[in-house]
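This report concerns only the one structure given below.
This one's a predicted model, so the numbers in the text were calculated from it and none came from an experiment.
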Amino acid sequence: MSNIRVRFAPSPTGNLHIGSARTALFNWLFARRMKGVFILRIEDTDELRSTDESTRAIFSALRWLGLDWDEGPVPEGGELGAYGPYFQGKRAGMGVYRKYSDQLMAQGMAYRCYCTPAELDEQRKRAQLEKRPPKYEGTCRHLTEAQCRDLEAQGRKPVIRFRMPDEGVTAWNDLIRGEVKFENKLLYDFIMVKASGYPTYNFACVIDDHLMEMSHIIRGDDHISNTPLQLLVYKALGWTPPEIAHLSMIHGPDGTKLSKRHGATDVQAYEAEGYLPAVIRNYLALLGWSTPDSQQLFTGPDLIEKFDIAGCQKNPAMFDPVKFKWMNGEYIRKLTPDELLDMAAPFLKKAGVGQNADRETLKKIVALEQEKYKLLGEIPSLVDFFFKDEAEFDPRAVEKVFKKPEAKKVLADMRERYLKLADFNDVSLEKEARDYAASASLKAGQVFHPLRVAVSGRTEGPTLFKMIEYLGRDAVSKRLERAAALCG
RNA sequence: GCCCUCAUCGUCUAGAGGCCUAGGACGCUGCCCUUUCAAGGCAGAGAUCAGGGGUUCGAAUCCCCUUGAGGGCGCCA
């Protein structure tokens, strides 16, 4: 058992975003690879935006992705692990953060600030105009006790700010980027505790990461500038910070941080389109990480076995929907017919396709076009013609195939032959068609193409004679008869 | 404006001074297979390693500058 402890700490303010999912994945991979512990902590200190609904959405998305956590809240109720609670809201209620903000106040490393949000906003705007950094100016930095009492008498509620050192440098050795350093004088006195008494992210995060004994913090690159602030809190409290690694961001096609603007960006949306969880894991892992031989597909446990922080990329990666989709097709092709049917079932059900068919029949039909599927969501529309009373004819197919002079006769003759055929299976069906073509001095294609359109309504589809076999003699006969009427 | 980060085919990347006439994958093109569409097989186009200076016998790899891109500067996380 190693002492590796890492966490995924989302704020429940929406569905699980693909970028967050990647952060979760990298932490999970690292934990599994190192035989460590993967912790889920809910950072619900934003009282306005956090919702239970989002929390549930995050739980289910993580579960669906297969990213199981060893410690943290359990969706069914209760918690796993000895470091709870794992909701920051609950921890705040227990006074967990209060203890440390009091300590920092007593040490003189934190102070009360009575500036209102409106005043701060004003200051920021002014600074922007004057081309100065829009950071807190330290208005309340040196308030006396008496001044504090006065302001409070006026009804002002204070926040607690961390007192940044005026000089010195804060640096760390980032596992992915190497040494990163910030001059302390450029940092600002950030708010640790809001007027409501709730802690802010930069404060709560440090307290919890320490109390939960995190060994590594693996998070997005957008947190780099928060890191010196947090490191200074560790220092003020006399704590040793964990190892830190900053992952590069995922960008959309326009080169900016992937967001809603770029279309589907939450895990649930990809689930609905029919992406496999294993594909999301595989593709996301490749966005910013690679093996020395640049392996693409990790279908077994090798994703965990080969994962290594050292293989993480520093530069941001663009999310490529085309490659993502290719990979999904690649995984679908490797499924057994039973697995494929199980995964397709919810999509078939939703589309109302094949719901009266027995499992074996449905399985055969779904597997017929397995090598063609890229998304589970496209399966219903590709197999629906098997289950309809009659084929829906694509006008282009009718134009292209049924207008051929021989089409009408071919369909009528083949209907006769198939009605009399002893064994209605793909081998005999094909032999019969080929024999007919030879006897009528036609090329195989001149027989096959009209047949295909007649039974399916389309020019493209599964292998012809399997398709006819699965459709069954009665359905085929009816479809050939109706199609013949459309010819000419 | 200030701070931070990053920089190899269109995209994801391999590459840690000579194995690089820069490798793989997606996508693209052509051919083969074939009853269609796919899948598969084969072949190919595609990167003067952002630009400029150094260091070195030798640089995609080390150093500096420039440029470009991204992130941050919230009582959001």
Side-chain angles (χ1 to χ4, degrees), chain A residues 9-13 20 43-50 113 115-117 120-121 124 127-136 157-161 174 177 180-183 186-188 190-196 198-202 204-205 220-228 246 248-249 251 253 255-257 283 286-297 311 313-327 329-330 333 369-374 382 397 401 430 433-434 437 443-449 451-453 456 458-465:
Chain A
S11 58
T13 53
S20 308
E43 307 215 323
D44 54 348
T45 53
D46 185 334
E47 304 128 289
L48 293 173
R49 282 179 277 192
S50 298
C113 169
C115 297
T116 63
L120 293 170
D121 207 42
R124 266 192 293 272
Q128 295 268 29
L129 281 175
E130 292 166 17
K131 312 232 183 228
R132 285 182 290 111
K135 64 171 199 174
Y136 179 63
K157 295 256 289 191
V159 298
I160 298 175
R161 286 184 185 271
D174 197 284
R177 278 148 223 284
V180 182
K181 50 185 167 184
F182 287 80
E183 282 196 66
L186 265 10
L187 273 18
Y188 70 105
F190 71 94
I191 294 174
M192 294 165 29
V193 182
K194 308 177 196 180
S196 65
Y198 253 49
T200 60
Y201 161 74
N202 276 126
C205 169
D221 175 335
D222 47 345
H223 284 292
I224 286 188
S225 44
N226 285 322
T227 306
H246 284 101
S248 54
M249 306 262 76
H251 284 178
T256 63
K257 189 160 80 164
Y283 182 71
L286 250 27
L287 246 33
W289 170 78
S290 61
T291 57
D293 61 350
S294 202
Q295 181 178 340
Q296 300 295 309
L297 268 12
Q313 194 78 9
K314 287 191 268 199
N315 48 313
M318 211 174 271
F319 186 88
D320 180 3
V322 177
K323 183 167 181 180
F324 187 35
K325 210 172 182 181
W326 159 78
M327 191 177 280
E330 211 51 41
R333 261 168 252 133
E369 293 188 84
Q370 181 162 7
E371 68 280 0
K372 194 174 299 180
Y373 308 138
K374 283 204 160 68
L382 285 170
V401 178
E430 178 166 359
R434 287 193 189 278
K443 281 189 262 182
Q446 291 176 290
V447 176
F448 294 179
H449 295 306
L451 276 178
R452 171 178 297 286
V453 176
S456 72
R458 309 166 189 174
T459 54
E460 55 200 59
T463 177
L464 181 57
F465 300 102

Could you go through nucleotides 45-50 of chain B and list every protein N or O atom that sits under 3.5 Å from one of its N or O atoms, giving the distance for each pair?
none

Legend entry - Which nucleotide in rC3(B), rC12(B), rA14(B) has an atom nearest any side-chain atom of Ala317(A): rC12(B)
Below 3.5 Å between N/O atoms, which protein atoms pair up with nucleotides 41-44 of chain B? Just atom names and distances, please.
none

Under the side chain to side chain contact (heavy atoms under 4.5 Å, CB included) rule, collect the residues that match up with [X], sequence neighbours excluded.
| X | answer |
| --- | --- |
| Thr463(A) | Leu368(A), Lys466(A) |
| Asp222(A) | Met249(A), Lys257(A) |
| Lys181(A) | Val169(A), Ala171(A), Glu179(A) |

Inset, instruction - Can you tell me, in whole Å, how much space there is between the P of rG44(B) and that of rA25(B)? - result: 13 Å
Inset, instruction - Please work out if Glu369(A) contacts a base, only the sugar-phosphate, or nothing of the nucleic acid, heavy-atom cut-off 4.0 Å. - result: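 If one applies the 4.0 Å heavy-atom cut-off, Glu369(A) turns out to touch nothing in the nucleic acid.
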Inset, instruction - Give one of base, sugar-phosphate or nothing for Lys325(A), where a contact means two heavy atoms less than 4.0 Å apart. - result: nothing
Tell me every residue that passes ring pair (Phe, Tyr, Trp, His ring centres under 6.0 Å) with [X], counting only those two or more places apart in sequence or in another chain.
| X | answer |
| --- | --- |
| Tyr136(A) | none |
| Phe182(A) | none |
| Tyr373(A) | none |

Inset, instruction - Summarise how protein sits on nucleotides 15-27 of chain B as a single string, 5' to 3': B when a protein heavy atom is under 4.0 Å from the base, S for sugar-phosphate-only contact, - for no contact. - result: --------BBBSS
Inset, instruction - For nucleotides 70-77 of chain B, just jot down a letter per nucleotide in 5' to 3' order: B, S or -, based on protein non-hydrogen atoms under 4.0 Å. - result: SSSBBBSB
Inset, instruction - Could you tell me which residues satisfy side-chain hydrogen bond (donor to acceptor under 3.5 Å, both in side chains) with Thr227(A), sequence neighbours excluded, listed by chain and number? - result: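 Scan of Thr227(A) (side-chain hydrogen bond (donor to acceptor under 3.5 Å, both in side chains), adjacent residues dropped) gives Arg219(A), His246(A).
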Inset, instruction - List in chain and number order the residues that pass side-chain hydrogen bond (donor to acceptor under 3.5 Å, both in side chains) with His449(A), two or more places apart in sequence or in another chain; answer none if no residue qualifies. - result: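 For His449(A), no residue satisfies side-chain hydrogen bond (donor to acceptor under 3.5 Å, both in side chains) once neighbours in sequence are set aside.
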Inset, instruction - Determine whether any donor atom in the side chain of Arg177(A) lies under 3.5 Å from an acceptor atom in the base of rU5(B), or the reverse, and answer yes or no. - result: no
